**Q** 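Handing you a structure now.
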2 protein chains.
Amino acid sequence: MKADALRGHLDPMILAVVEHEPLHGYAIMEALLERSGGELDLPTGTLYPALRRLERAGYLASEWSTVGGRKRRTYQLTSAGTKMLASGKQEWVTFRAVVEGVLRPGQA
Amino acid sequence: MKADALRGHLDPMILAVVEHEPLHGYAIMEALLERSGGELDLPTGTLYPALRRLERAGYLASEWSTVGGRKRRTYQLTSAGTKMLASGKQEWVTFRAVVEGVLRPGQA
DNA sequence: CTTGATAAGTAGGTTGGCTACATGTTGCCT
DNA sequence: AGGCAACATGTAGCCAACCTACTTATCAAG
């Protein structure tokens, strides 16, 4: 999968994995890897800046904790984040329809 | 639809519209608009550089002509372009599976 | 004779995902 | 005891591609 295919689609994916349970960065990486069937193996230089961006934008809130001597920053959805996730899902549906309308994969 | 959602997905879409008939830039714009149900209205500053990029990469070949006093540059798929389109379609299927695996839209 | 559709392009800005690097802990294996 | 893998978080700086804004030109309609 090409790198920049992700552009603009990563944010809703991150929000989605913390939708039902708050997770820390490393756990978010693992969740994305698992949910994507091993395809989405984000470098830390992608994930951590993205998390900070989403927090700065008000979609995530974070909290430090220490578990087994390791420091974790755990992220959870804000109410703005919940709305953003919902609209992100809707946008995905639109986007998918656009791409498939153009690609017409049935006529490949 | 956000601007950078398109990133990395535009190339196969352009190749797809010239798959069965060569078209000039303006006609490609119209074809994309029509096939996307009016959603994909590319600015010329996106399309024309993209076409040049695809030609430079060897996926498209172009030819000038004049129709009704207007100059057209008509693009058609090369054999490399045909292969690229096929792999682009495959990548789209993978990408869609990744996003939907993470978003799990059924549980929205 | 001006507007809108047709037709093609460039310059420059923005941005987000990437590589590469930095830092530290825990626990297993030898 | 030494080393490595996994756990955990982060930054600096690069770069590609999509965008806005602009330019040029022809033709038809009003």
Side-chain angles (χ1 to χ4, degrees), chain A residues 1-15 22-34 36 39-57 59-60 62-75 84 88 95 98-99 102, chain B residues 1-15 18 22-34 36 39-57 59-60 62-75 88 95 98-99 102:
Chain A
M1 203 174 54
K2 277 186 228 100
D4 46 293
L6 228 42
R7 278 271 191 150
H9 301 286
L10 185 57
D11 289 6
M13 285 195 266
I14 290 174
L15 298 180
L23 293 173
H24 61 285
Y26 197 85
I28 291 172
M29 271 173 46
E30 288 181 320
L32 289 170
L33 192 64
E34 198 246 315
S36 68
E39 291 284 334
L40 196 58
D41 194 6
L42 290 186
T44 67
T46 295
L47 180 66
Y48 290 112
L51 289 172
R52 297 184 144 275
R53 183 164 35 83
L54 288 167
E55 183 168 25
R56 212 167 51 240
Y59 304 131
L60 291 177
S62 72
E63 213 174 75
W64 282 101
S65 63
T66 304
V67 176
R70 283 176 179 116
K71 286 185 178 183
R72 290 176 173 177
R73 190 199 277 235
T74 300
Y75 290 90
M84 179 50 64
F95 179 73
V98 166
V99 174
V102 174
Chain B
M1 207 173 52
K2 278 186 225 99
D4 44 284
L6 229 43
R7 277 272 191 149
H9 302 286
L10 185 59
D11 288 7
M13 285 195 267
I14 291 174
L15 298 180
V18 295
L23 294 172
H24 61 283
Y26 196 86
I28 291 173
M29 269 173 47
E30 287 182 319
L32 289 170
L33 192 64
E34 197 246 316
S36 67
E39 291 285 333
L40 196 57
D41 194 5
L42 290 186
T44 67
T46 294
L47 182 65
Y48 290 113
L51 290 171
R52 298 184 144 274
R53 181 163 37 81
L54 288 167
E55 183 168 27
R56 212 167 51 239
Y59 303 131
L60 291 177
S62 72
E63 213 174 77
W64 282 100
S65 62
T66 303
V67 177
R70 283 174 178 117
K71 288 187 176 181
R72 292 176 173 177
R73 188 199 279 234
T74 301
Y75 290 90
F95 179 73
V98 165
V99 173
V102 174

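Bear in mind that the values here come from a model prediction, so they are computed numbers and not experimental data. Proteins come first, then strands; the chains are lettered A, B, ... in the order of their sequence lines, and each starts at number 1.
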**Q** Do B:Thr46 and B:Leu10 have side chains that approach each other closer than 4.5 Å (heavy atoms only, starting at C-beta)?
**A** yes

**Q** Work out which heavy atom in B:Gly25 is nearest to a heavy atom in B:Tyr48; give both atom names and the distance.
**A**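 That would be CA-CE2, 4.1 Å.
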
**Q** Under a 4.5 Å cut-off applied to non-hydrogen side-chain atoms, are B:Leu42 and B:Ile28 in contact?
**A**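 Counting from C-beta outward, B:Leu42 and B:Ile28 never come under 4.5 Å.
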
**Q** Could you tell me whether the side chain of A:Arg7 has a donor or acceptor atom within less than 3.5 Å of a complementary atom in the base of C:dG16?
**A**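 Checked by distance alone, the answer is yes.
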
**Q** Between P on C:dA20 and CG on A:Leu47, what's the gap in Å once rounded to a whole number?
**A**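 In whole Å, C:dA20 P lies 19 Å from A:Leu47 CG.
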
**Q** Could you work out which one of C:dA7, C:dT25, C:dG16 sits closest to the side chain of B:Tyr48?
**A** C:dA7

**Q** Parallel under 30°, tilted from 30 to 60°, perpendicular over 60°: which one fits the rings of B:His9 and A:Phe95?
**A**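 Judged by the thresholds at 30° and 60°, the geometry between B:His9 and A:Phe95 is perpendicular.
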
**Q** Taking any atom under 4.0 angstrom from a heavy atom of chain A, which nucleotides of DNA chain D are the first and last to qualify, 5' to 3'?
**A**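 The contacted stretch runs from D:dA6 to D:dA17.
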
**Q** Measure the distance from CG on B:Leu33 to P on C:dA7 and round it to the nearest whole Å.
**A**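 Those two atoms, CG and P, are 15 Å apart.
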
**Q** Can you tell me the distance, in whole Å, between the CG atom of A:Asp11 and the P atom of C:dG17?
**A**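 These atoms are roughly 6 Å apart.
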
**Q** For DNA chain C, whose closest nucleotide is more 5', that of A:Pro43 or that of B:Pro49?
**A**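 Nearer the 5' end of the strand: B:Pro49.
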
**Q** Is the count of non-hydrogen atoms from other residues, nucleotides or ligands lying under 6.0 Å from A:Glu30 atom CD greater than 12?
**A**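 More than 12 within 6.0 Å, yes.
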
**Q** Measure from CG on A:Asp4 to C1' on C:dT15 and round the result to the nearest Å.
**A** 12 Å

**Q** Hey, are the side chains of A:Ile14 and A:Leu47 touching, using non-hydrogen atoms and a 4.5 Å cut-off?
**A** yes

**Q** Write down the atom of B:Met13, the atom of B:Leu32, and the distance for their closest heavy-atom approach.
**A**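 Where B:Met13 meets B:Leu32 most closely, the heavy atoms are O-CD2, 4.0 Å.
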
**Q** Rounded to the Å, how far apart are B:Arg52 CZ and C:dA11 P?
**A**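 In whole Å, C:dA11 P lies 11 Å from B:Arg52 CZ.
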
**Q** On DNA chain D, check which nucleotide each of A:Tyr75 and B:Gly68 is closest to and give me the residue with the more 5' one.
**A** A:Tyr75

**Q** In whole angstroms, how far is the P atom of C:dT15 from the CZ atom of A:Arg56?
**A** 11 Å

**Q** Over how many whole Å does the gap from B:Leu42 atom CG to C:dG9 atom C1' extend?
**A** 15 Å

**Q** In whole angstrom, give the distance that lies between atom NZ of B:Lys2 and atom C1' of C:dT14.
**A** 16 Å

**Q** Compare side-chain N and O positions of B:Arg70 against OP1 and OP2 of C:dT6 and report whether any pair is under 4.0 Å apart.
**A** no

**Q** Counting side-chain heavy atoms from C-beta on, which of C:dA5, C:dG16, C:dC18 comes nearest to A:Arg53?
**A**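 Among C:dA5, C:dG16, C:dC18, the one nearest the side chain of A:Arg53 is C:dG16.
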
**Q** Tell me what B:Gly45 touches on the nucleic acid: a base, only sugar-phosphate, or nothing, going by heavy atoms under 4.0 Å.
**A** base

